[in-house]
Chemist: 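The structure that follows is given in the form of structure tokens.
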2 protein chains.
Amino acid sequence: MAKKTPALADLSTEEKIREAARKLFTKKGYAATRTRDIAEEAGLNLALLNYYFRSKEKLFAIIMVEKLQKFFGFLLPIIYDESTSLESKLETISAGYLDLLMVNPDLPFFILNEIRNNPDLIVNVVKRKDFLKNSVFLKQLKDQRPDADPLQFLLSLLGMCIFPFVMKPGFQKITDTNDHKFFQMMEERKKLIPVWSKAILKAKYPK
Amino acid sequence: MAKKTPALADLSTEEKIREAARKLFTKKGYAATRTRDIAEEAGLNLALLNYYFRSKEKLFAIIMVEKLQKFFGFLLPIIYDESTSLESKLETISAGYLDLLMVNPDLPFFILNEIRNNPDLIVNVVKRKDFLKNSVFLKQLKDQRPDADPLQFLLSLLGMCIFPFVMKPGFQKITDTNDHKFFQMMEERKKLIPVWSKAILKAKYPK
DNA sequence: GTCTATAACCTGATAGAC
DNA sequence: GTCTATCAGGTTATAGAC
């Protein structure tokens with residue numbers, strides 16, 4: 001039996017606060033989240049937040065690093081894997097991202113939002129700043145299509161994977177799609193994106 | 001001589017405030033923007049903001065409607081145009097969006113962010129709630145590929161157009177791309193997306 | 001470790017002089 | 001219309017009892 005969200009009562013006080021902070025920060029962002037809300041969400045007193053984490057900002061920084069690692073961490077081993085083909089990587093990346101985001105639908109928006117406020121955050125997590133430029137993935141792209149800009153392709157691949165989640169609330173409102181239907185679509189996208197990304201990879205590159 | 005950003009001094013006080021509010025709200029969102037910052041950005045006193053707009057919320061609502069109309073407004077005539085082909089629409093939409101976003105790079109993030117906080121906002125601007133479902137564009141997609149889900153395609157098209165701007169700050173940091181280079185890439189994307197969207201439209205739909 | 005009470009600060013809004 | 005000064009309310013952070 002998987003324990004996605006462990007019962008609040010079972011957690012230590014510190015972890016209760018973390019869990020509540022994760023939920024609220026990802027949902028509403030730093031500025032719109034009040035420490036009172038976090039304390040209430042955790043079923044605890046406000047003072048405990050400062051007792052354990054000293055300040056809202058410090059608590060936020062902890063959650064942020066966690067989330068950044070989730071968002072970029074799983075990508076690193078894939079794009080540096082010498083043993084897999086480009087096509088295999090496309091499948092792994094899209095399926096991996098969709099699985100990750102189906103469990104954490106608010107993650108991309110949160111990350112993108114807070115990077116906007118502080119772009120240097122990325123560097124701290126990604127460590128090596130040329131991690132993308134030096135990757136096997138980018139080299140394989142360059143090999144397959146020496147005539148094309150691999151970054152253009154990457155933007156489209158990520159857009160296809162991530163954008164639906166960034167747009168989720170608006171999309172659901174416009175198309176009258178409930179959560180069940182949305183996640184069903186994302187499940188289908190796991191098959192679609194590999195096919196589509198290969199199609200655009202083979203497409204004639206316009207001059 | 002185009003006047004993109006008219007000199008602040010030339011504007012009426014009311015318009016100075018609007019302009020400053022546009023800038024800060026789109027950049028940082030509602031919660032993170034302080035009325036004091038808006039006043040300072042406009043080179044004016046805080047009290048004038050309330051004199052002209054009564055409250056932060058009311059000022060925000062005005063900017064928000066403006067932006068929503070910008071973001072969705074230009075789409076409506078295109079997707080309801082009976083006289084143009086599907087392929088022509090793909091070109092018009094991608095080129096139109098990229099042009100729009102090159103002038104307003106922060107627009108998508110702002111829209112997406114505030115829709116998240118208040119999904120009903122969309123309805124007020126889009127008026128008819130089935131505006132997408134009933135569109136010529138969706139019908140043409142359905143005609144061309146009766147075996148496929150047109151919404152999946154739409155998500156990819158929008159993702160390819162909009163996502164680069166949502167990710168702009170992070171992308172530039174990771175790839176060490178300055179503004180000039182970024183906009184150059186977006187210019188190139190105007191040619192790429194039509195080709196790519198047609199490619200995925202023709203791709204074999206996986207079962 | 002956990003709570004209540006309160007301090008210290010910030011932010012949106014207004015009063016009133018010019 | 002525009003400014004300075006200030007209020008009222010809310011938010012983070014801390015002091016101190018238990």
Side-chain angles (χ1 to χ4, degrees), chain A residues 6-67 106 110 113-114 116-118 121, chain B residues 6-67 106 110 113-114 116-118 121:
Chain A
L8 263 184
D10 298 347
L11 300 172
S12 70
T13 299
E14 186 177 339
E15 191 50 39
K16 275 184 205 165
I17 297 173
R18 274 195 150 85
E19 193 58 37
R22 269 188 276 269
K23 177 170 168 184
L24 294 182
F25 279 143
T26 46
K27 199 165 166 181
K28 319 206 294 171
Y30 178 81
T33 301
R34 293 170 311 166
T35 51
R36 280 170 161 73
D37 298 335
I38 297 176
E40 193 188 348
E41 174 75 28
L44 294 167
N45 190 278
L46 192 160
L48 287 170
L49 194 150
N50 292 77
Y51 176 77
Y52 282 101
F53 299 95
R54 283 188 51 94
S55 76
K56 177 186 178 184
E57 219 170 320
K58 286 198 168 50
L59 174 56
F60 178 77
I62 290 171
I63 306 296
M64 188 65 202
V65 170
E66 261 185 41
K67 297 291 180 184
D106 289 326
F110 173 71
N113 187 20
E114 306 301 342
R116 205 155 264 265
N117 301 335
N118 184 3
L121 272 175
Chain B
L8 264 184
D10 297 347
L11 301 173
S12 70
T13 298
E14 187 177 339
E15 191 51 37
K16 274 184 205 162
I17 297 173
R18 275 195 150 86
E19 193 60 36
R22 269 189 276 269
K23 177 171 169 184
L24 294 183
F25 279 142
T26 47
K27 199 166 168 181
K28 320 206 295 171
Y30 178 81
T33 301
R34 292 172 310 166
T35 50
R36 281 170 160 75
D37 297 336
I38 297 176
E40 193 189 349
E41 174 75 30
L44 294 167
N45 190 277
L46 194 161
L48 286 170
L49 194 151
N50 293 76
Y51 176 79
Y52 281 101
F53 298 97
R54 283 188 51 93
S55 76
K56 178 188 179 183
E57 220 170 319
K58 285 195 169 52
L59 173 56
F60 178 77
I62 290 170
I63 306 296
M64 189 65 200
V65 169
E66 260 184 42
K67 296 291 180 185
D106 289 326
F110 173 72
N113 186 20
E114 306 301 342
R116 205 155 264 263
N117 301 335
N118 184 4
L121 271 176

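Every chain is numbered from 1, with letters handed out A, B, ... down the list of sequences.
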Chemist: When you compare the side chain of B/Arg18 with that of B/Tyr52, does any pair of heavy atoms fall below 4.5 Å?
Modeler: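 Result no, sub-4.5 Å side-chain heavy-atom pair not found.
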
Chemist: In whole angstrom, give the distance that lies between atom CD of A/Glu57 and atom C1' of C/dC9.
Modeler: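 Whole-Å distance recorded here is 15 Å.
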
Chemist: Using atom CZ of A/Phe60 as one end and atom C1' of D/dA13 as the other, report the distance to the nearest whole Å.
Modeler: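 Those two atoms, CZ and C1', are 19 Å apart.
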
Chemist: Whole angstrom is fine here: how far is it from CG in A/Leu46 over to P in C/dT4?
Modeler: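 In whole Å, C/dT4 P lies 11 Å from A/Leu46 CG.
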
Chemist: What nucleotide among C/dG1, D/dT11, C/dC3 has an atom nearest to a side-chain atom of A/Arg34?
Modeler: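 Looking only at side-chain atoms, A/Arg34 lies closest to D/dT11.
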
Chemist: Working to the nearest 0.5 angstrom, can you tell me the gap between B/Arg22 CZ and B/Ile62 CD1?
Modeler: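 Separation between the atoms: 10.0 Å.
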
Chemist: So, is A/Thr35 close to the D/dA13 phosphate, meaning a side-chain N or O under 4.0 Å from OP1 or OP2?
Modeler: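 Answer no for this pair, as no side-chain N or O of A/Thr35 is under 4.0 Å from OP1 or OP2.
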
Chemist: List for me each residue that meets side-chain contact (heavy atoms from CB on, under 4.5 Å) alongside A/Thr35, sequence neighbours excluded, and say none if there are none.
Modeler: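 Only A/Leu46, A/Leu49, A/Lys56 meet the side-chain contact (heavy atoms from CB on, under 4.5 Å) criterion with A/Thr35.
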
Chemist: Are any of B/Asn50's side-chain N or O atoms less than 4.0 Å away from OP1 or OP2 of C/dA13?
Modeler: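 Answer yes for this pair, as a side-chain N or O of B/Asn50 is under 4.0 Å from OP1 or OP2.
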
Chemist: If the threshold is 4.0 Å, N to carboxylate O, is there a salt bridge linking A/Glu114 and A/Lys67?
Modeler: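 Looking at A/Glu114 and A/Lys67, the cut-off is not met.
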
Chemist: Side chain of A/Asn45 only, please: which of C/dT4, D/dT6, D/dG1 is the nearest?
Modeler: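 The answer is C/dT4, which lies nearest to the side chain.
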
Chemist: Quick one: is A/Tyr51 getting a side-chain N or O under 4.0 Å of the D/dA13 phosphate, OP1 or OP2?
Modeler: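 For D/dA13, OP1/OP2 do not have a side-chain N/O of A/Tyr51 under 4.0 Å.
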
Chemist: Remember a base hit wins even if backbone is also touched, and classify A/Arg54 as base, sugar-phosphate or nothing at under 4.0 Å, heavy atoms.
Modeler: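 Touches sugar-phosphate only.
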
Chemist: What nucleotide among C/dG12, C/dC3, D/dT4 has an atom nearest to a side-chain atom of B/Lys56?
Modeler: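 The closest nucleotide is C/dG12.
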
Chemist: Base, sugar-phosphate alone, or nothing: which one does B/Phe53 contact when heavy atoms must sit under 4.0 Å apart?
Modeler: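 No contact at all - B/Phe53 keeps every heavy atom at 4.0 Å or more from the nucleic acid.
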
Chemist: Looking at every strand, decide which applies to B/Leu49 at a 4.0 Å heavy-atom threshold: base, sugar-phosphate, or nothing.
Modeler: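 No contact at all - B/Leu49 keeps every heavy atom at 4.0 Å or more from the nucleic acid.
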
Chemist: In whole Å, what is the span from the CG atom of B/Leu48 to the C1' atom of C/dA15?
Modeler: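 Going from CG in B/Leu48 over to C1' in C/dA15 covers 14 Å.
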
Chemist: What is the distance, rounded to the nearest whole Å, between atom CD of B/Glu40 and atom C1' of C/dT11?
Modeler: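 Checked: the CD to C1' distance equals 15 Å.
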
Chemist: Hey, would you say the A/Phe60 and A/Phe25 ring centroids sit under 6.0 Å apart?
Modeler: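 Between A/Phe25 and A/Phe60, which both carry aromatic rings, the centre distance is below 6.0 Å.
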
Chemist: Which nucleotide in the list C/dT14, C/dT11, C/dC3 gets nearest to the side chain of B/Arg36?
Modeler: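 Of the options given, the side chain of B/Arg36 lies nearest C/dT11.
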
Chemist: From the options C/dT4, D/dT2, D/dA13, select the nucleotide whose nearest atom is closest to the side chain of B/Thr13.
Modeler: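 Closest of the options to the side chain of B/Thr13: D/dT2.
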
Chemist: Which whole-number value in Å describes the distance from B/Leu59 CG to C/dT11 C1'?
Modeler: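 The answer, rounded to whole Å, is 15 Å.
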
Chemist: Grab the CD1-P distance between A/Ile17 and D/dA13 for me, whole Å please.
Modeler: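 That distance rounds to 13 Å.
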
